[in-house]
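Working notes for the structure below.
As the structure lists them, so they are numbered: ligands from 1, and atoms in each ligand from 1.
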Amino acid sequence: MIFYFTGTGNSLAAAKALAEEQEPLINLADANREKAYRYTVEKGGRIGFVFPEYCSTLCKPVLEFVRNLEVKGNPYCFAVITCGGVISFAAGMLRHELAQRGIRLCYAAFVRMPNNAVFYSETPDDSKQTRLLGKADIKLAALKEKLKAHPVRAVRGGLLAEKSQPILIKSSKTAPFRAEASCTGCGACAKRCPEQAIRMENGKPVWVKDSCAICMACISRCPVGAIEYGDKTAGRRRYVHPSLR
Ligand SMILES: Cc1cc2nc3c(=O)[nH]c(=O)nc-3n(C[C@H](O)[C@H](O)[C@H](O)COP(=O)(O)O)c2cc1C
Ligand code: SF4
Ligand code: SF4
């Protein structure tokens with residue numbers, strides 16, 4: 001079974017590309033909401049984690065899920081982390097967190113995909129997206145084959161990812177979010193938010209939690225581009241994986 005987290009679709013597409021036929025794909029944000037933390041894997045089976053890198057560290061939903069997880073069956077365990085290009089330290093932290101739950105992370109890989117972090121920078125244009133997604137498809141197909149043999153490779157590091165947690169938490173404030181007048185009140189942002197941080201009030205979204213997962217789902221997937229974040233995002237392209245457009 002593969003546990004995934006996604007804001008803008010890259011990691012969902014990666015999880016689908018890696019899954020074997022009939023292998024369950026479990027959205028770990030849904031699992032967090034439902035407190036579904038207990039899983040049993042049949043003998044010789046596997047679990048995988050597929051999620052985005054945030055600020056060189058683990059994002060909140062992944063941490064919450066892993067810190068509660070109970071897995072029976074001693075499965076093979078791997079992780080595939082999607083990222084926008086910066087070298088990642090998140091796998092080492094995941095290894096450490098899983099070890100606390102009695103799970104050995106045997107293998108981790110990174111797949112570069114288009115950067116979705118519109119708070120921080122411009123996102124790639126169409127031709128760069130196409131190029132990156134084409135390369136990612138090739139890497140994912142190779143990883144799918146490789147993972148069949150349950151490879152084992154030391155997963156190192158983690159300290160830098162631990163140190164990046166305060167940076168991520170500091171960046172997670174919802175106060176700068178706002179919906180502009182073009183908002184149609186469709187409610188998609190509230191429905192999709194993995195943290196239940198958005199509530200519709202009088203036909204408009206209101207961010208009701210102080211902080212969130214900063215997954216970019218609301219700001220990037222609003223059908224009319226009505227959401228802005230402080231003065232950082234006006235005029236910037238929103239990135240969404242083609243499978244979610
Ligand atoms: C808050 C935030 C921080 C990010 N930090 C990093 C980073 O440190 N390194 C990196 O390579 N990509 C970073 N990214 C880019 C994402 O990891 C990348 O676009 C990912 O594939 C998005 O996955 P998703 O579409 O499944 O949400 C960041 C994205 C967000 C939203
Ligand atoms: S997704 Fe966009 S249009 Fe729909 S309610 Fe949210 S902000 Fe408004
Ligand atoms: S408020 Fe927006 S960015 Fe924050 S977790 Fe919800 S959907 Fe993601």
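Of the protein's non-hydrogen atoms, the one nearest atom 6 (Fe) of ligand 2 is C189 SG, 2.3 Å. The closest protein non-hydrogen atom to atom 2 (Fe) of ligand 2 is C222 SG, 2.3 Å. C183 SG, 2.3 Å is the protein heavy atom nearest to atom 8 (Fe) of ligand 2. Taking atom 5 (S) of ligand 2 as the reference point, the nearest protein heavy-atom neighbour is G187 N, 3.2 Å. For atom 7 (S) of ligand 2, the nearest non-hydrogen atom of the protein is I227 CG1, 3.5 Å.
Counting the atoms of ligand 1 from 1 in the order shown, those under 4.0 Å from a heavy atom of P114 are 18 (C), 19 (O). If you number the atoms of ligand 2 from 1 as listed, the ones under 4.0 Å from a heavy atom of V224 come out as 3 (S). Of all atoms in ligand 2, numbered sequentially from 1 with element shown, those under 4.0 Å from a heavy atom of T184 are 3 (S), 8 (Fe). Within ligand 1, counting atoms from 1 as listed, the ones closer than 4.0 Å to a heavy atom of M216 are 31 (C). Using a 4.0 Å cut-off to heavy atoms of M200, the atoms of ligand 2 that qualify are 5 (S). Atom numbering of ligand 3 starts at 1 in the shown order; those under 4.0 Å from a heavy atom of F177 are 3 (S). Close contacts between ligand 1 and P52 involve ligand atoms 17 (O), 20 (C), 22 (C), 23 (O), 27 (O) [criterion: under 4.0 Å to a heavy atom]. Under a 4.0 Å criterion applied to the non-hydrogen atoms of S11, ligand 1 contributes the atoms 23 (O), 24 (P), 26 (O). Listed by atom number, the atoms of ligand 1 under 4.0 Å from S56 heavy atoms are 7 (C), 8 (O). Residue contact check: W207 has heavy atoms under 4.0 Å from atoms 1 (S) of ligand 3. Counting the atoms of ligand 2 from 1 in the order shown, those under 4.0 Å from a heavy atom of P205 are 7 (S). Within ligand 1, the atoms closer than 4.0 Å to a non-hydrogen atom of T8 are 24 (P), 25 (O), 27 (O), numbered from 1 in the order shown. Contact atoms of ligand 1 toward G7: 24 (P), 26 (O), 27 (O) (distance under 4.0 Å to a heavy atom of the residue).
Side-chain contact check for T57 versus K163: every heavy-atom pair is 4.5 Å or farther apart. At least one side-chain heavy atom of S171 sits under 4.5 Å from a side-chain heavy atom of I214. Using a 4.5 Å heavy-atom cutoff, the side chains of Y4 and L25 are in contact. Counting heavy atoms from C-beta on, the side chains of I227 and W207 come closer than 4.5 Å. Between C212 and S172, every side-chain heavy-atom pair lies at or beyond the 4.5 Å cut-off. Looking at heavy atoms from C-beta onward, Y76 lies out of side-chain contact with V41 at the 4.5 angstrom threshold. You'll find the side chain of C218 stays beyond 4.5 Å of the side chain of C193, heavy atoms only. Contact of the H241 side chain with the M113 side chain is registered, since non-hydrogen atoms from C-beta on lie closer than 4.5 Å.
The shortest separation from a heavy atom of F119 to ligand 1 is not under 4.0 Å, leaving the residue out of contact. Within the 4.0 Å heavy-atom shell around ligand 2 one does not find R221. Taking a 4.0 Å cut-off on heavy atoms, E53 registers as neighbouring ligand 1.
Side-chain N or O atoms of K146 include none that pairs as donor or acceptor with a backbone N or O of P151 at under 3.5 Å. Checking side-chain atoms of R46 against main-chain N and O of C77 turns up no donor-acceptor pair under 3.5 Å. With hydrogens and angles disregarded, no donor-acceptor distance shorter than 3.5 Å links the side chain of E97 to the backbone of V66. With hydrogens and angles disregarded, no donor-acceptor distance shorter than 3.5 Å links the side chain of R192 to the backbone of A190.
Atom 8 (Fe) of ligand 2 has no N, O or S atom of C186 closer than 2.8 Å.
With sequence neighbours left out, E70 forms a side-chain hydrogen bond (donor to acceptor under 3.5 Å, both in side chains) with R38.
In this structure, a donor-acceptor pair under 3.5 Å is present between the side chains of S11 and T82. S121 and N115 share a donor-acceptor pair across their side chains, judged by distance under 3.5 Å alone.
Electrostatic pairing of E21 and K16 does not count as a salt bridge here, judged by no charged N lying under 4.0 Å from a carboxylate O.
Across V240, I214, T82, heavy-atom proximity to atom 1 (C) of ligand 1 is greatest for I214. Here atom 24 (P) of ligand 1 lies nearest to T6 when heavy atoms of V111, T6, L132 are compared.
Taken together through direct or relayed side-chain contacts under 4.5 Å among Ile, Leu, Val, Met, Phe, Trp and Tyr, V111 and L12 form part of one hydrophobic cluster. Under the 4.5 Å side-chain contact rule for hydrophobic residues, L63 and V80 do not share a cluster.
Inside a sphere of radius 2.8 Å centred on atom 8 (Fe) of ligand 3, the protein N/O/S atoms present are C215 SG.
By the neighbour-count criterion of 12 heavy atoms within 6.0 Å, atom CD of E42 is sparsely surrounded, having that number or fewer from other residues, nucleotides or ligands.
Looking at Y120 against ligand 1, only its side chain comes within 4.0 Å, counting heavy atoms. Counting heavy atoms closer than 4.0 Å to ligand 2, residue P223 contributes side-chain atoms (C-beta onward) but none from N, CA, C or O.
Among the atoms of G85, some N or O lies under 3.5 angstrom from an N or O of ligand 1. Polar contact check, C55 against ligand 1: a nitrogen or oxygen pair lies under 3.5 Å apart.
Ring-plane geometry between F3 and F65 is classed as tilted, the angle between the planes lying from 30 to 60 degrees on a 0 to 90 degree scale.
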